[in-house]
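Since the model is a prediction, treat every value here as computed from it, not as a measurement. Labels below follow one simple rule: chain letters A, B, ... track the order of the sequence lines, proteins then strands, and each chain is numbered from 1.
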Amino acid sequence: METKQRNAHATSEPHRIEKLYIENTLLRISGALFCHDRKRASSRTEEIKLNSSVSEKTIVIRPDPKLGQPGQLAHKIFIALIKKHSDYGRPIRHEVSFTKRELGRLIGRKEWGGRDSEQLSHALLEIHYTFIKAHFKKSDGRHVEHSFNIFPEIVLERREFASDPIEACTITLAEPIIASLQDEHFTCLNHALMMQLGTIGQALYMRLFFHFANLYDGRRRKILSFEKRYDDICNEWLGGLTILKHKSKIIGEQLGQHLDQLLQAGFLSSHGVKKAKSGDGLVVNFRPGAAFFEDYERFYRRRHQAELQWEFHEDRRKISEPLKVAYLFAEKRTGRPVDATGFVPTKDVETAKLLLATLGFDEMSSFFDYALAETKKTNFDVQTLGGIKQYLPGYLAFRERRASNKAQEDARKLREQEEARRAAYEHFRRRAAKDIFDTLPDHDKAVIDGLAETYAASFGGALRGTMAEVGRIRFTIERYGARLKTFE
DNA sequence: ACCGTCGCACGACTTGTTAG
DNA sequence: CTAACAAGTCGTGCGACGGT
């Protein structure tokens, strides 16, 4: 069913499905963040600083001292998450959810064994624990420095124990990235093309597309080219890949095959390595190919993101909300939030789904408060969400009572308000009538006084004077009522 | 140019689950 | 209780990178 829908979507609008939107600063960060050198990635822990000469382009990356720099697998996961996030479309969401199988497909693994789960959580934590300091362009053109993690929050579901594999996951994206996406600072990439490449090829493609798109004026295709120092490419685009000395090695064993892949895909029309004009080091030059111009025309003519909201809502209902409910329960039960390495068991997430069938997401907090208060009464030491389920009928009744009490209360208040307003109006009317009476010519006053006297004649004593007063107002209103404002 | 190292992916085997 | 299928575990080969 689900795959059927997906395929239907893919065939009806293939060009939409293969787009990938990435925020521009994030694109630059990702070049330095992910180390494509598999041997050194986990041991690189020192601070990485880029473009320290131009202050608003400076990027500082501080990898976790224990985990080191995020590696190739982390890069694949990152791309998969960004792809999923961009498929959510607008309005831009703060979180991305996925099941492990879905992610397995997205990073191109045919099977997903037990160890793969650990690799996944390890890679996610590598990104989570890496601090970034970068400048974001505001809508008014100013640059503001932000210090953040790309994934400030990671929520995991495991079967039962901490050693069990991951079932599902929700990840929050950093606030400055979301804000910048909202300001339309993003680059659109061809995801289908990226999936054919290795991670080095992907990183090169992302940066080259970004630069080509900035340089291209829509006309002079032939002369469009881009040059960059080889050592800078290693550091700024490929996260500290070893800088080799000889051109033959670079082409033959390091970058060559990845560049050739880009050439084959038609993204590049040519590339070359030559000696830098300054004398030391090497410079790589790139020329875009037909595939670049095609994608450029396609993406930038109408560059608004696809509105695939159903997918987001689906994920939120199936993955993110149950996970959050389970986390909320753990937090309420223990009195402290679950930390980054924590998780919630599948059973709780399943129970959360059941609860969500009856209660709204917003109601969970108040339900837990009610249920936990109930457990205290009988000294029931709840461990899982399953233990809470029995309080659901009680809570529903409690909610009903509270709602009907509130409805009664509201109705009473409304009645009182109405009465007060009527009283105020009556008071106002009387005063107004009296004012009208006072301004009347003596002749008219006498007529009304006469009517009032007759009206009050049947009363005796002190009441007679009061009734005469009431009568005076009544007859004034009867005769001159048009001069009064009506109720409302 | 060649070989050692390391992380990753894959497939074969094992364990778990559920329906009949 | 067991068969059938799905999911998890483990070992191993591969390929990329870097040192010699």
Side-chain angles (χ1 to χ4, degrees), chain A residues 1-3 31-45 63-64 66-81 98-127 130 156-169 194-205 230-231 233-235 237-262 264 273 281-282 284 319 343 345-351 353 386:
Chain A
M1 174 63 190
E2 198 183 69
T3 47
L33 175 61
F34 297 99
C35 180
H36 295 267
D37 182 332
R38 11 173 38 154
K39 282 185 205 167
R40 287 198 303 170
S42 54
S43 57
R44 294 230 310 170
T45 53
D64 183 76
K66 282 208 184 94
L67 299 172
Q69 216 178 334
Q72 291 193 323
L73 182 63
H75 186 265
K76 287 184 194 175
I77 291 168
F78 170 75
I79 295 296
L81 289 177
F98 56 87
T99 62
K100 63 170 184 204
R101 284 185 191 284
E102 184 179 13
L103 194 69
R105 272 202 313 277
L106 275 166
I107 63 173
R109 288 201 189 180
K110 289 203 176 111
E111 292 173 47
W112 189 273
R115 206 174 293 172
D116 299 297
S117 260
E118 285 328 294
Q119 288 169 0
L120 164 64
S121 74
H122 188 263
L124 282 174
L125 288 178
E126 279 174 352
I127 304 174
T130 304
L156 298 177
E157 173 197 338
R158 291 179 194 270
R159 186 60 63 80
E160 193 177 355
F161 303 108
S163 56
D164 287 341
I166 293 168
E167 293 293 325
C169 185
M194 284 178 78
M195 292 316 278
Q196 302 165 18
L197 308 168
T199 56
I200 291 179
Q202 288 181 344
L204 287 171
Y205 166 74
Y230 163 70
D231 46 1
I233 288 178
C234 287
N235 285 324
W237 291 10
L238 302 171
L241 206 66
T242 315
I243 297 159
L244 302 174
K245 288 215 171 60
H246 300 287
K247 187 175 148 180
S248 63
K249 286 222 34 136
I250 297 164
I251 293 297
E253 297 175 28
Q254 194 186 38
L255 299 181
Q257 58 148 318
H258 299 288
L259 292 170
D260 287 342
Q261 272 186 351
L262 289 169
Q264 238 171 26
V273 182
L282 297 158
V284 189
I319 303 171
F343 68 95
T346 301
K347 271 202 168 150
D348 275 6
V349 177
E350 289 305 316
T351 315
K353 281 180 194 164

Write down the distance between CD (A:Glu126) and C1' (B:dC8), rounded to a whole number of angstrom. 13 Å
Salt bridge (charged side-chain N to carboxylate O under 4.0 Å, His left out) partners of A:Lys76, counting only residues at least two apart: none
For the residue pair A:Leu241 and A:Ile200, establish whether any side-chain heavy-atom pair is separated by less than 4.5 Å. yes
Where protein sits on nucleotides 13-18 of chain C, one letter per nucleotide: B base, S sugar-phosphate only, - none, heavy atoms under 4.0 Å: ---SBB
Roughly how far, to the nearest 0.5 Å, is CG of A:Leu255 from CH2 of A:Trp237? 10.5 Å
Under the ring-ring contact (aromatic ring centres under 6.0 Å, His included) rule, collect the residues that match up with A:His36, sequence neighbours excluded. A:His75
Any donor-acceptor pair under 3.5 Å linking the side chain of A:Gln69 with the backbone of A:Gly239? yes
